[in-house]
Amino acid sequence: MRAGAVIVESGHHIRFMDAEIKYTADYAIELQPNSQYCGVINCYIHDVDGGMRVYSGIINDLTPGYSYVENCHITRFSRLSKAYRGGIETSGVENRASYNEVHDGPHVGMMIGGFDTIIEYTEVYDVLRA
């Protein structure tokens, strides 16, 4: 069975800080829709299938997630799937990706969706190189 490192299904105010996550067969960290105010800070994520999946907030009623990925280095992702597994993926409502570095993936560096998503000061390079 393929698995990621962390899935937050309905957590609030959870932070992952200064961690290294590697060699997962799914997303390194996934913040699902019922999660709010969760963050990933100063993490090094590499050699994974999917990097970060931030889907916090509920789209049906526009409940904000307020979750974030900040100052993370994400590299060598889409290791198994080769397509549609970004370094950072967003959906949900009012989530943020700031001050990140995303590189060395065979397909997209970031997949952005949802409502009121903020992407700032994030560098994406050497992607779409299948």
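Values below: all heavy atoms of this structure, side chains included; hydrogens, waters and symmetry mates excluded. Since the structure is predicted, the reported quantities are computational estimates derived from the model, not experimental observations.
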Using modelled atom types and a 3.5 Å cut-off, is there a donor and acceptor pairing between side-chain atoms of [X] and backbone atoms of [Y]?
| X | Y | result |
| --- | --- | --- |
| Asn100 | Glu123 | no |
| Asn95 | Tyr55 | no |
| Arg53 | Glu89 | no |
| Asp49 | Leu80 | yes |
| Asn42 | Met17 | no |

Just one of Ser67, Ser35, Cys38 clears the side chain to side chain contact (heavy atoms under 4.5 Å, CB included) bar with Val54, so which one? Ser67
Ion pair check, Asp47 and Arg76, cut-off under 4.0 Å: yes
Distance from [X] atom [atom1] to [Y] atom [atom2], nearest 0.5 Å?
| X | Y | atom1 | atom2 | result |
| --- | --- | --- | --- | --- |
| Tyr99 | Glu70 | OH | CD | 8.0 Å |
| Ile112 | Ile118 | CD1 | CD1 | 12.0 Å |
| Glu101 | Asn71 | CD | CG | 10.0 Å |
| Ser91 | Phe115 | OG | CZ | 8.0 Å |
| Arg96 | Thr122 | CZ | OG1 | 9.5 Å |

Considering all heavy atoms of both residues, which atom of [X] and which atom of [Y] are nearest to each other, and what is their separation?
| X | Y | result |
| --- | --- | --- |
| Val40 | Cys43 | CG1-SG, 3.6 Å |
| Ala28 | Val48 | CB-CG1, 4.2 Å |
| Thr75 | Tyr44 | CG2-CE1, 3.9 Å |
| Gly4 | Asp26 | N-CB, 3.5 Å |
| Ile74 | Ile88 | CD1-CG1, 3.5 Å |
| Val127 | His107 | CB-O, 3.4 Å |

Same hydrophobic cluster for Leu31 and Ile119, using side-chain heavy-atom links shorter than 4.5 Å among ILVMFWY?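 Yes, Leu31 connects to Ile119 through the hydrophobic network.
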State yes or no: do Leu128 and Val124 share one hydrophobic cluster built from I, L, V, M, F, W and Y residues joined by side-chain heavy-atom distances below 4.5 Å, directly or via other members? yes
Evaluate the criterion side chain to side chain donor-acceptor pair (under 3.5 Å) for residue pair Glu20 and His46; output intermediate values, then yes/no. CA-CA 8 Å; Glu20 178 180 9; His46 61 96; 2.6 Å; yes
Any heavy-atom pair between the side chains of Arg15 and Ile41 that's under 4.5 Å? yes
Does a side-chain heavy-atom distance below 4.5 Å link Ile21 with Ile29? yes
Tyr27/Met52 under side chain to side chain contact (heavy atoms under 4.5 Å, CB included): CA gap, chis, key distance, verdict: CA-CA 6 Å; Tyr27 293 96; Met52 293 292 316; over 6 Å; no
Measure from NZ or CZ of Arg85 to the centre of the six-membered ring of Phe77 and say whether it is under 6.0 Å with the direction within 45° of the ring axis.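 Not flagged: Arg85 not positioned over aromatic ring of Phe77.
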Test side chain to side chain contact (heavy atoms under 4.5 Å, CB included) applied to Val93 and Ile59, step by step: CA-CA 6 Å; Val93 183; Ile59 290 177; 4.3 Å; yes
Evaluate the side chain to side chain contact (heavy atoms under 4.5 Å, CB included) criterion for residues His103 and His73: first the C-alpha distance (whole Å), next the side-chain angles of each, then the deciding distance (0.1 Å), finally the verdict. CA-CA 8 Å; His103 62 96; His73 183 184; 2.7 Å; yes
Steps toward side chain to side chain contact (heavy atoms under 4.5 Å, CB included) verdict (Met111, Thr90): CA-CA 6 Å; Met111 291 179 23; Thr90 66; over 6 Å; no
Atom OH of Tyr125: over 12 foreign heavy atoms under 6.0 Å: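 Atom OH in Tyr125 is crowded, with more than 12 foreign heavy atoms closer than 6.0 Å.
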As a quick check of understanding, evaluate ring pair (Phe, Tyr, Trp, His ring centres under 6.0 Å) for His12 and Tyr37, giving each step before the final call. CA-CA 6 Å; His12 299 274; Tyr37 303 99; 7.5 Å; no
Side chain to side chain donor-acceptor pair (under 3.5 Å) assessment of Glu120 paired with Ser98: CA-CA 5 Å; Glu120 58 186 359; Ser98 303; 2.9 Å; yes
